[in-house]
Novice: 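Can you read through this structure? Questions will come right after.
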Amino acid sequence: MSRINNILKDMRKAGKVQDMKAKGDAGEKAVLAMILDRMDVTGGVVYHSFQYPYQKNREGLTYLGNVKYENGKFVDYTETKNNRELTDEIDVLYISKYRIFPIEVKSYHAKLEVYDHWMKKQGTMVDKSPIAQAEKHARHLYHVLYDVLPDGNPDYIKPIVCFVDRCKLVDDRSDEQISYIPCCILNNLKATLINADRPLDYALDINMITNKLKEVKTDGREFR
């Protein structure tokens, strides 16, 4: 726990000097440290900053990617530019015996209000919703892993959003959305994981899953 507290101190120092990249990196490290602690107890595999190409359908069209809120409208940012391949990056990816957790991490020091369709930060609509990003991670990851999931069941993939730093989180989503993509702060991340890491009909074949991930992985660090 002292290791996590030291990371959080560094994160807050970065925030004071408006170094948002350093603050975000420290927030991810805090979540990663907590996930690694759980992996030491329950087993599994963890990736930090797992990167892989956006997935495409049989016609070669890229599945929906990022959605942004701009000038009062939701805009789809999926189309490639100059034939550049789009890449997805999952902050922390945890594979347990029962579930696969793509975890989106945001270091916000603010009041956060979450709705079914979007979210507000300090009363203002954000341009990119971390919940929409988490859903995107789960969707593209499913197209990578569907043939190594029991019965191809997407429920084995459980996206989570974790807000780090001193923030007040008001979750006004429907029960269905709260269950689909749990949102939490760092203090209750462990409890959120324990609640979500429940067995379905079968245990996961972690070796098959990691082998599949190796086929698409372009960057990221692996922990076992």
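Heavy-atom basis, side chains included; hydrogens, waters and symmetry copies ignored.
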Novice: Considering only residues two or more places apart or on different chains, which pairs with a residue in residues 180-224 satisfy ring pair (Phe, Tyr, Trp, His ring centres under 6.0 Å)?
Specialist: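 Sorted result for residues 180-224: empty, none.
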Novice: Could you tell me how the ring of His140 sits relative to the ring of Tyr63: parallel (under 30°), tilted (30 to 60°) or perpendicular (over 60°)?
Specialist: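 Because their plane-to-plane angle is over 60°, the rings of His140 and Tyr63 count as perpendicular.
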Novice: Would you kindly confirm whether Ile131 and Tyr108 end up in one hydrophobic cluster when ILVMFWY residues are joined by side chain heavy atoms under 4.5 Å apart?
Specialist: yes
Novice: Flag the pair Leu213 / Val45 as yes when at least one side-chain heavy-atom distance between them is below 4.5 Å, and no otherwise.
Specialist: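 Not touching, per the 4.5 Å side-chain cut-off.
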Novice: Same hydrophobic cluster for Leu189 and Met39, using side-chain heavy-atom links shorter than 4.5 Å among ILVMFWY?
Specialist: yes
Novice: How would you list, by chain and number, every residue that makes a side-chain hydrogen bond (donor to acceptor under 3.5 Å, both in side chains) with Tyr115, sequence neighbours excluded?
Specialist: Glu113
Novice: Are Leu141 and Tyr47 in one and the same hydrophobic cluster, where Ile, Leu, Val, Met, Phe, Trp and Tyr link if side-chain heavy atoms are under 4.5 Å apart?
Specialist: yes
Novice: Once side-chain hydrogen bond (donor to acceptor under 3.5 Å, both in side chains) is applied, do any residues pair with Ser179, and if so which ones, sequence neighbours excluded?
Specialist: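 If we apply the side-chain hydrogen bond (donor to acceptor under 3.5 Å, both in side chains) test to Ser179, skipping adjacent residues, there are no hits.
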Novice: Does anything in residues 190-199 pair up under side-chain hydrogen bond (donor to acceptor under 3.5 Å, both in side chains), and if so which pairs, sequence neighbours excluded?
Specialist: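 For residues 190-199, and leaving out neighbouring residues, the side-chain hydrogen bond (donor to acceptor under 3.5 Å, both in side chains) pairs sorted by first residue read Arg38-Asp197, Ser96-Asp197, Asn195-Arg198.
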Novice: Does Asp205 reach the main-chain N or O of Met208 with its side chain, forming a donor-acceptor pair under 3.5 Å?
Specialist: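 Such a contact is found between Asp205 side chain and Met208 backbone.
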Novice: For Lys128, check side chain to side chain contact (heavy atoms under 4.5 Å, CB included) against everything at least two apart and list the hits.
Specialist: Lys68, Gln133
Novice: Under the side chain to side chain contact (heavy atoms under 4.5 Å, CB included) rule, collect the residues that match up with Leu200, sequence neighbours excluded.
Specialist: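 Leu200 satisfies side chain to side chain contact (heavy atoms under 4.5 Å, CB included) with Arg99, Asn153, Asp155, Tyr156 only.
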Novice: So which of Val164, Val31, Leu186 actually passes side-chain contact (heavy atoms from CB on, under 4.5 Å) with Ser107?
Specialist: Val164
Novice: Test of understanding: with side-chain hydrogen bond (donor to acceptor under 3.5 Å, both in side chains), list the residues that count as partners of Tyr54, not counting sequence neighbours.
Specialist: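 Partners of Tyr54 under the side-chain hydrogen bond (donor to acceptor under 3.5 Å, both in side chains) test: Lys136.
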Novice: Applying salt bridge (Lys or Arg N to Asp or Glu O under 4.0 Å) as the test, list every pair that has at least one member in residues 172-188; sequence neighbours left out.
Specialist: Asp171-Arg173
Novice: Assess the side chains of Thr42 and Tyr94: does a donor N or O sit below 3.5 Å from an acceptor N or O?
Specialist: yes
Novice: Please identify each residue that fulfils side-chain hydrogen bond (donor to acceptor under 3.5 Å, both in side chains) with His137, with sequence neighbours left out.
Specialist: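 His137: side-chain hydrogen bond (donor to acceptor under 3.5 Å, both in side chains) contacts with Asp88, Glu104.
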Novice: With the 4.5 Å side-chain cut-off for hydrophobic clustering, are Ile157 and Val92 part of the same group?
Specialist: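 Shared cluster, no.
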Novice: Which side-chain hydrogen bond (donor to acceptor under 3.5 Å, both in side chains) pairs, counting each pair once, include a residue from residues 208-218, with sequence neighbours left out?
Specialist: Asp147-Lys212, Thr210-Arg224
Novice: Determine yes or no for a side-chain-to-main-chain donor-acceptor pair under 3.5 angstrom, with Tyr142 supplying the side chain and Gly152 the backbone.
Specialist: yes
Novice: Just jot down the ring-ring contact (aromatic ring centres under 6.0 Å, His included) partners of Tyr52, sequence neighbours excluded, or say none.
Specialist: Phe50
Novice: Show, in sequence, the C-alpha distance, side-chain angles and deciding distance for Asp116 and Ser174, and conclude whether the side chain to side chain donor-acceptor pair (under 3.5 Å) test is met.
Specialist: CA-CA 7 Å; Asp116 277 0; Ser174 63; 3.2 Å; yes
Novice: Only pairs at least two apart or in different chains count here, so list each salt bridge (Lys or Arg N to Asp or Glu O under 4.0 Å) that has a residue in residues 43-67.
Specialist: none
Novice: Mark yes or no for whether Trp118, through its side chain, and Val126, through its backbone, hold a donor-acceptor pair below 3.5 Å.
Specialist: yes
Novice: Same cluster or not: are Leu32 and Leu193 linked, directly or through other Ile, Leu, Val, Met, Phe, Trp or Tyr residues, by side-chain heavy atoms under 4.5 angstrom apart?
Specialist: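 Per the 4.5 Å side-chain linkage, Leu32 and Leu193 are co-clustered.
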